[in-house]
2 protein chains.
Amino acid sequence: MKTSLKDIAETLKLSKTTVSWVLSGKGDEKGISLATQEKVFQCAKQLNYQPNLLARSLNTGISGTIGLIIPDITDSFYSKVARSIEMEAEAQGYSLMICSSESEIERENRMIRLFKAKQVDGIIVAPTKVSKIEIQNLVKEGYPLVLFDRYFPEMQTNYIIIDNEGSSYELVKRMIDNGASKIAIITTNPHLRTMNMRREGYARALIEANLPVDPDLYGEVTFVDYEENVFKALDQIFGKVPDVDGFFFTTHILALEAFRYFYEKGININNGYELACIHGVSAFRVLAPNMNIARMPIEEIGKNAVRILLGDIKYRLENSNGKKEVETLVLPCSLP
Amino acid sequence: MKTSLKDIAETLKLSKTTVSWVLSGKGDEKGISLATQEKVFQCAKQLNYQPNLLARSLNTGISGTIGLIIPDITDSFYSKVARSIEMEAEAQGYSLMICSSESEIERENRMIRLFKAKQVDGIIVAPTKVSKIEIQNLVKEGYPLVLFDRYFPEMQTNYIIIDNEGSSYELVKRMIDNGASKIAIITTNPHLRTMNMRREGYARALIEANLPVDPDLYGEVTFVDYEENVFKALDQIFGKVPDVDGFFFTTHILALEAFRYFYEKGININNGYELACIHGVSAFRVLAPNMNIARMPIEEIGKNAVRILLGDIKYRLENSNGKKEVETLVLPCSLP
DNA sequence: CTGAAAGCGCTTACAG
DNA sequence: CTGAAAGCGCTTACAG
């Protein structure tokens, strides 16, 4: 049913070699007569020939596919980066396989193994918490790899992160400049370096302004059941510091939940409070038009991830197994 | 560097056949001695053998991969369905390739061709407006295919949609029951059957309640630059019908934009207005806690899409080229 | 200007 | 109980 090179070769009484060369655009280079080339193209079109990319990949060792693993495809940050990566990869002639790890370490490891088995040329991953085993294997094998959003300082890998500390610092500084002095931080997953840095930026801004880093203004929320836990954390903060006058949210998810809290408690958060959040979603334009938002450089992340990965892939092709030195990028957020 | 079946066979002085059988779990069935099996497993583990799935697929004609094409991966509806499909596919032993068509017909066609070239076993697609050529080809070839969200009545395909007319009717009925009588509809892409059905449901509810279907309450927004166009549509409606008392949004995207409008104009939409929307996003819980929302049966869509697709795939394997009759599903939304 | 042959890494009748 | 061989659909030296 499906037509193959062989079918074309047989109908035209040519060799598969010739057909393959013509179809892959090497006709002129290989000095194949225009007449023959024309015949081949004609026949291919007529039989509706579609090359079997699997066979090609098996032969060349190049799949033309890169793998992307993100914690959650429904998270607006990750899905936007995914789109950016898809567009960039496509522009470079690569296709993309996307998988969610669901923040489960075992899923992440499984996905990496799957990608390798499917012979993807390289992998981009926003690693989940403590993910290690398979990422370590990738590093050991010199498999083209780019991490983003999170990274492991003890591992020699390419990575792209945002300037978590600096962005947080700038956000909190703006809140202070606008008059806030009792600024709470609502954060999660403190074991993540990412979150640590955000907390540090927050603290630096406070200290610089001679404000205390008050533990009573620290709201930490476990990620499971975060809906409920955001409420608890806010209850506590309002209990201990009733005149709190600012909130710094380390993620948009926490902020959205907090807005639900404010709404339910009848707190008009857009009046008398300073707000800040890392990463913005469209609902914020309505919910809190004045919130200070550090906008993620989505396009930059996507473009650079693909660029670095393809660089590694190319390098590896040319210097079999040679290991290129890693590239690390700390991108600034755009601030108000 | 990478170990293959051959490497194991050679180190163990066995044939590739034996090794392949053992590793694919057919050792007992083929009567291979436990001693040999043990040796093979040992060696595979030691050499860190990972089968090349490309080679297997080329041989068996089964890639174990299904392709998914959605208009926009950053849209919360589509990304949630994507996640549901990914989970369900994985549970069935399939992996998933996701691509966005970006609502561009040429991209969609290209993606379908790519999927075929990569030999995916079947394709799930939420088609874009007028997409046809390649989908028609798929149908003609009997390629396993499931459409969702949108479909083409003139084509014999599996599809899963929600009950657009019924859900819209129910939503508008609730608004009327709650006292609204001048209900505007804000909609887009009127050439889509989906949107047409939603408008028809809206009209039926009005007519049933002896309310006029007032053209002045009809707000149609082109999808490009919809931000701006939502504002224009609302301006017009308020201009012509100042005492409008309800808004039915046919998509969450339009509603979000409208909330921005209400906010900017200082209209307290949660007071004196009835609201309804097809598909809910988390921000609505804060922006409009009383809005009537028809919740999409995300899990149902995902599960059924995979079930139907795998059914087709299996059927086709067993009856080469036989065409199974198509399955069409109209799922209800859950209503308030 | 064109072709025969080997090989990518698997699986699977067929044979003993 | 195990193996030699063909084949999936390509690409690419090598040869003429």
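Per chain, numbering begins at 1; letters A, B, ... match sequence-line order.
- Of the candidate nucleotides D:dC10, D:dC1, C:dC10, C:dC10 has the atom nearest to the side chain of B:S4.
- Pairing for C:dA13 is absent, judged as Watson-Crick or G-U wobble with the two contacts each under 3.5 Å.
- To the nearest angstrom, P of C:dG9 lies 8 Å from CG of B:D7.
- In this model, no donor atom of one side chain and acceptor atom of the other lie less than 3.5 Å apart for B:K118 and B:S63.
- Between A:L58 and B:S33, the residue whose closest nucleotide on DNA chain D is further toward the 5' end is B:S33.
- A:Q119 places its CD atom 9 Å from the C1' atom of C:dG9, with the value rounded to the nearest Å.
- Spacing between atom NZ of B:K118 and atom P of D:dG9 amounts to 18 Å, rounded to whole angstrom units.
- Partner assigned to D:dA4 is none, using Watson-Crick or G-U wobble distances below 3.5 angstrom.
- When heavy atoms are screened at a 4.0 angstrom cut-off, A:L14 is found touching the sugar-phosphate backbone but no base atom.
- A straight line from CD of B:E10 to P of D:dG3 spans 13 Å, rounded to a whole angstrom.
- In this structure, B:T36 reaches the sugar-phosphate backbone alone: every heavy-atom distance under 4.0 Å involves primed, P, OP1 or OP2 atoms, never a base.
- If you take CG of A:L23 and P of D:dG9, they are 16 Å apart, rounded to a whole angstrom.
- Salt-bridge annotation for B:K132 and B:E154: present, with a side-chain N of the basic residue lying under 4.0 Å from a carboxylate O of the acidic one.
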**OP:** Mark up nucleotides 11-16 of chain D, 5' to 3', with B wherever a protein heavy atom is under 4.0 angstrom from a base atom, S wherever such an atom reaches only the sugar-phosphate, and - elsewhere.
**Re:** BBBB--
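- B:R56 and B:N59 are not linked by any side-chain donor-acceptor pair at a separation below 3.5 angstrom, with hydrogens and angles left out of the test.
- Spacing between atom CD1 of A:I8 and atom C1' of D:dC10 amounts to 12 Å, rounded to whole angstrom units.
- Using modelled atom types, one finds no donor on one side chain facing an acceptor on the other under 3.5 Å when comparing A:S100 with A:D72.
- Taking the P atom of each, C:dT12 and D:dC1 are spaced 22 Å apart, rounded to whole Å.
- When side chains are defined from C-beta on, B:V81 does not count as touching B:Y78, because their heavy atoms never get closer than 4.5 Å.
- Distance, B:I62 CD1 to C:dC10 C1': 13 Å, rounded to whole Å.
- An OP1 or OP2 oxygen of C:dG3 is reached within less than 4.0 angstrom by a side-chain nitrogen or oxygen of A:T18.
- Taking atom CG of A:L54 as the reference point, atom P of D:dG9 lies 11 Å away to the nearest angstrom.
- Aromatic ring pairs are classed by plane angle as parallel below 30°, tilted from 30° to 60° and perpendicular above 60°; the pair A:F148 and A:F77 is perpendicular.
- At a cut-off of 3.5 Å, with distance as the only test, a side-chain donor of A:T18 or A:S15 sits close to an acceptor on the other residue.
- Listed pair B:S15 / D:dG3 meets the phosphate criterion, a side-chain N or O lying under 4.0 Å from OP1 or OP2.
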